[in-house]
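Atoms considered below: every heavy atom in the structure, side chains included; atoms not considered: hydrogens, waters and symmetry mates. Just so you know, ligand 1 is whichever comes first in the structure, and atom 1 is the first atom listed for that ligand.
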Amino acid sequence: MKVLLLSDIHSNLAALETVVQDAEANFEIAETWVLGDLVGYGPRPAETLSLLSSIGAVAVAGNHDLAVAGVISAEAFNPVAAAAVSWTQSVLGNEYLDQLRALPTRLERHGITLVHGSPRDPVWEYVMNEGVAAQALDDVDTTGLAVGHTHVPVIFRQLSGEFERIQSASSQPRSVAGSKFLVNPGSVGQPRDHDPRAGYAVLDLDAETVTHRRVEYDHELTASKIREAGLPAFLADRLRVGV
Ligand code: ZN
């Protein structure tokens with residue numbers, strides 16, 4: 001069974017549409033799991049939520065989703081992120097806000113734990129390095145842990161006492177067989193690893209592999225919608241360089 005792993009879509013509809021088409025064309029996807037930050041930063045929040053519902057995606061909440069839903073305060077956000085939170089609140093109807101409010105911060109599916117940040121702090125903690133990744137794996141009793149939040153794709157694997165970071169490469173399946181593992185699919189809508197292409201991953205639960213993929217999408221379209229919406233220009237500019 002193959003699972004499409006998406007994270008940090010951030011209302012970037014053009015990126016999401018491209019990713020879903022690419023995944024459907026290349027894999028037999030049985031389920032789609034979203035690791036938070038469905039909205040925030042980007043210009044098409046309602047359309048993004050609607051597309052995710054139409055493909056039956058299961059999602060956990062990210063910090064941006066919770067701020068837009070009014071569950072957490074946007075005070076901890078930088079001014080650009082906070083401006084995007086207010087703008088998103090102003091354009092989303094109650095039905096969508098209720099949908100965001102109902103998202104859990106942690107889920108377990110088919111032996112995999114899903115959180116946005118980390119198991120001990122699903123809202124805010126970044127799993128950026130081996131120390132935090134090892135702690136995060138210790139904090140779950142499932143075989144796999146899928147996280148988002150950093151906007152950077154990565155796989156960590158723990159096998160017979162050895163803990164290692166596995167270099168992901170676009171379209172190359174990486175084995176996690178027999179190990180406890182952590183995967184971050186990277187970001188669909190706002191990559192931050194200096195590669196502007198949209199990122200996602202496919203988890204094959206039978207073959208026990210993770211395949212990261214990067215796809216070109218029309219980032220100029222998203223950038224122009226960001227400017228039209230009156231969102232901070234930095235949010236448009238960063239999409240061109242992937243930071
Ligand atoms: Zn994010």
Are a donor atom and an acceptor atom from the side chains of Ser171 and Arg213 found within less than 3.5 Å of each other?
yes
Using 2.8 Å as a strict upper limit, say whether an N, O or S atom of His151 approaches the Zn ion (ligand 1) that closely.
yes
Rounded to 10 degrees, what angle sits at the Zn ion (ligand 1) between Asp37 OD2 and His10 NE2?
90°
Does Arg214 make a cation-pi contact with Tyr200 (under 6.0 Å, within 45 degrees of the axis)?
no
Check for me whether the distance between the ring centres of Phe156 and Phe181 falls short of 6.0 Å.
no
Phe77 ring center near Trp124 ring center (under 6.0 Å)
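Yes: the rings meet the under 6.0 Å criterion.
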Tell me which N, O or S atom from Asp8 is the closest to the Zn ion (ligand 1).
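Output for this pair reads OD1.
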